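Here the structure comes first, spelled out in structure tokens, and everything after it is commentary.
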Amino acid sequence: MTRRNFLSVAAASAVQARSAAPPNVVLIVCDDLGYGDLGCYGGSLRTPHLDRMGSEGVRFTQFYSANPVCSPSRAALMTGRYPTRAGVPRVLFPKDTTGLAQDETTIAQVLKRRGYRSMCVGKWHLGHLPQFLPTARGFDGYFGIPYSNDMEPPVLLRDTEVAEPRARMDRITGQYTAEAVRFIESAKDSPFFLYMPHTMPHIPLGASERFRGKSGRGLYGDVVAEIDWSVGEVLAALKRHELDSNTLVLFSSDNGPWYEGSPGRLRGRKGSTYEGGVRVPFIAKMPGRIPAGRVARQVGSLMDVMPTVARLAGAEFPSKPVDGIDLWPVLTGTGKPAHRGGLLYFDDTHLQCIRHDRWKLHVARYTGAAYSPSPQGARRNLPLAAPELYDIENDSDESYDVSPEHPKIVRDLYARAERLLADFPENIRKDWEDTKAKAVVPAAIGAHPRAADK
């Protein structure tokens with residue numbers, strides 16, 4: 001055998017061995033990116049790398065966070081459980097001494113049992129004390145800001161040590177990208193999990209000189225352009241090391257847009273359980289496993305990431321009940337997902353909405369956002385005197401309350417909420433009882449002032 005033939009066979013064998021190995025997972029999550037920001041979601045910002053990722057994989061049109069703000073959404077993502085179960089029902093601040101409950105199991109811990117190397121690069125926001133940081137939750141390494149960049153001080157950590165006392169927002173996306181690429185290069189010979197929760201486009205915004213002033217859409221547009229570039233760099237690194245065919249790449253956002261950004265045609269923004277606050281972009285790519293150019297209209301949730309990844313990696317599920325479902329049949333177009341009895345939307349410890357099939361029922365609404373500067377105790381949950389029912393598939397901007405016309409559906413959704421909440425912590429069930437006590441009794445919904453005769 002000639003040297004050239006030997007090298008060719010060796011290279012082919014290496015590629016074959018990698019393809020037979022457990023799949024790598026790259027999970028990229030933006031902070032406050034809107035459903036309507038990306039080009040492939042009808043947005044006006046230029047996002048060529050993400051648009052290409054969408055065309056080479058599957059793009060969801062009805063994908064949701066479990067909460068309209070940062071920390072709870074990330075708790076649900078990491079555990080596959082509602083944040084009200086995982087002990088993170090609200091936004092965490094630097095003054096807080098708590099975090100993701102230590103008896104909860106993260107994606108990294110699930111994959112570690114299968115021999116995965118793992119790295120978290122970016123915003124964590126599930127507790128900033130050492131016992132709550134990624135390195136204590138299954139990750140082999142961490143590089144990032146442990147909470148939102150508008151919280152003081154925006155310290156940049158490497159593992160548990162301070163790398164920079166004040167991270168620079170005009171450098172942070174580039175720093176994250178370089179760190180992610182280095183991890184891919186160092187971990188390429190073993191199965192790995194890269195979790196990359198970007199700090200941007202959460203305010204205060206910052207873009208590097210290469211992107212600042214170049215998008216033609218202001219600083220927010222520049223920031224999104226740099227995030228898009230970052231995604232391109234990560235995908236290029238996978239391709240360069242011949243890892244792309246055995247790597248599941250996922251892209252999403254933790255909730256809807258805040259002061260800037262676009263929710264598209266959806267009503268509401270970050271902090272609201274209207275669609276604009278909780279519906280997020282979600283793209284999945286894995287050449288050879290996920291067919292290119294698919295658009296999935298099934299309902300999905302960030303809680304579904306953990307069970308989907310665990311099942312794909314052949315890992316054991318945590319001992320606690322998982323609220324998410326395995327979306328792999330939807331990603332691949334090979335079947336329907338497991339049955340979901342309903343999707344719950346929380347704000348703090350109070351249930352706000354229930355979604356099942358095309359219907360979404362609003363039962364309560366807070367007086368202000370979780371991050372609002374109102375006096376302590378001024379923010380309150382207000383159960384709606386009468387529930388609001390929306391046909392999301394035909395009315396995605398939630399403009400027409402059709403509860404008077406569909407009392408049976410209203411009662412069905414209430415009943416689903418009852419069943420789903422039956423094994424939640426006592427304080428969550430108590431808050432639900434309080435909501436029901438202050439609302440119209442579902443059986444009497446026919447007495448609604450606008451109710452049609454039934």
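One is the number of the first residue; the rest follow in order along the sequence. Just so it is clear, the structure is predicted and the values come from calculations on it, not from any experiment.
For Gly99 against Leu92, the heavy-atom pair with the smallest separation is CA-CD1, 3.9 Å. Nearest heavy atom pair, residue Arg74 against residue Cys30, reads NH2-O, 4.3 Å. Looking at every heavy atom in both residues, Thr47 comes nearest to Gly39 through OG1-N, 2.9 Å. When all heavy atoms are compared, the tightest approach of Val88 to Leu100 is CG2-CA, 3.6 Å. What you find for Glu275 and Ser396 is that their closest heavy atoms are CG-O, 3.5 Å. When all heavy atoms of Ile392 and Arg355 are compared, the pair lying nearest together is CG2-NH1, 3.7 Å.
Applying the salt bridge (charged side-chain N to carboxylate O under 4.0 Å, His left out) test to pairs two or more places apart or on separate chains, those with a residue in residues 118-132 are Asp31-Lys123. Screening residues 144-160 for salt bridge (charged side-chain N to carboxylate O under 4.0 Å, His left out) gives Glu152-Arg166, Arg158-Glu179 as the qualifying pairs, with residues at least two apart or on separate chains.
A donor-acceptor contact shorter than 3.5 Å is absent between the side chain of Arg289 and the backbone of Leu248. Arg81 contributes a side-chain N or O that, together with a main-chain N or O of Pro321, makes up a donor-acceptor pair within less than 3.5 Å. Of the possible polar contacts, none joining the Asn246 side chain to the Leu243 backbone as a donor-acceptor pair under 3.5 Å is found.
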Walk me through whether Val231 and Ile28 qualify under side-chain contact (heavy atoms from CB on, under 4.5 Å). CA-CA 8 Å; Val231 172; Ile28 304 171; 4.2 Å; yes
Begin from the C-alpha positions of Ser262 and Asp37 and carry the test side chain to side chain donor-acceptor pair (under 3.5 Å) through to its verdict. CA-CA 5 Å; Ser262 171; Asp37 280 334; 4.9 Å; no
Test side-chain contact (heavy atoms from CB on, under 4.5 Å) applied to Thr435 and Leu351, step by step: CA-CA 8 Å; Thr435 294; Leu351 182 67; over 6 Å; no
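A heavy-atom distance below 4.5 Å is found between the side chains of Phe143 and Leu156. Looking at heavy atoms from C-beta onward, Trp328 lies in side-chain contact with Leu312 at the 4.5 angstrom threshold. Residues Gln102 and Phe132 have side chains in contact (heavy-atom distance under 4.5 Å, counting atoms from C-beta outward).
In this pair, Tyr366 and His350 present their aromatic rings perpendicular. The plane angle is above 60°, beyond the 30 to 60° band. Between Phe193 and Tyr195, the angle of the ring planes stays under 30°, which puts this pair in the parallel group of the 30/60° scheme. Taking the six-membered ring where the residue is Trp, Phe424 and Tyr82 present tilted rings, their angle falling between 30° and 60°.
Around atom CZ of Arg419, more than 12 heavy atoms belonging to other residues, nucleotides or ligands sit under 6.0 Å away. Atom NZ of Lys430 sits in a sparse spot, with 12 or fewer heavy atoms from other residues, nucleotides or ligands closer than 6.0 Å.
With respect to the salt-bridge test (charged N to carboxylate O, under 4.0 angstrom), the residues Arg46 and Asp51 do not qualify. With salt bridges taken as basic N to acidic carboxylate O contacts below 4.0 Å, one links Lys112 and Asp140. Ion pairing between a basic and an acidic side chain is recognised when a charged N comes within 4.0 Å of a carboxylate O; Lys360 and Glu398 show such pairing.
Applying the ring pair (Phe, Tyr, Trp, His ring centres under 6.0 Å) rule to Tyr142 yields no partners; only residues at least two apart in sequence or on another chain are considered. Legend: residues meeting ring pair (Phe, Tyr, Trp, His ring centres under 6.0 Å) with His362, ordered by chain and number and at least two apart, are Tyr274, Tyr390. Under the rule for a ring pair (Phe, Tyr, Trp, His ring centres under 6.0 Å), the partners of Tyr41 that lie at least two apart in sequence or sit in another chain are Tyr35.
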List the atom pairs, with distances to 0.1 Å, where a side-chain N or O of residues 223-230 and a protein N or O form a donor-acceptor pair under 3.5 Å, not counting sequence neighbours.
| residue | atom | partner | partner atom | Å |
| --- | --- | --- | --- | --- |
| Glu226 | OE1 | Ser208 | N | 3.0 |
| Glu226 | OE2 | Ser208 | OG | 2.9 |
| Asp228 | OD1 | His49 | N | 3.1 |
| Asp228 | OD1 | Leu50 | N | 2.8 |
| Asp228 | OD2 | His49 | N | 3.1 |
| Ser230 | OG | Thr177 | OG1 | 2.7 |

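The only option from Phe139, Tyr176, Phe192 that meets the ring-ring contact (aromatic ring centres under 6.0 Å, His included) definition with Phe183 turns out to be Phe192.
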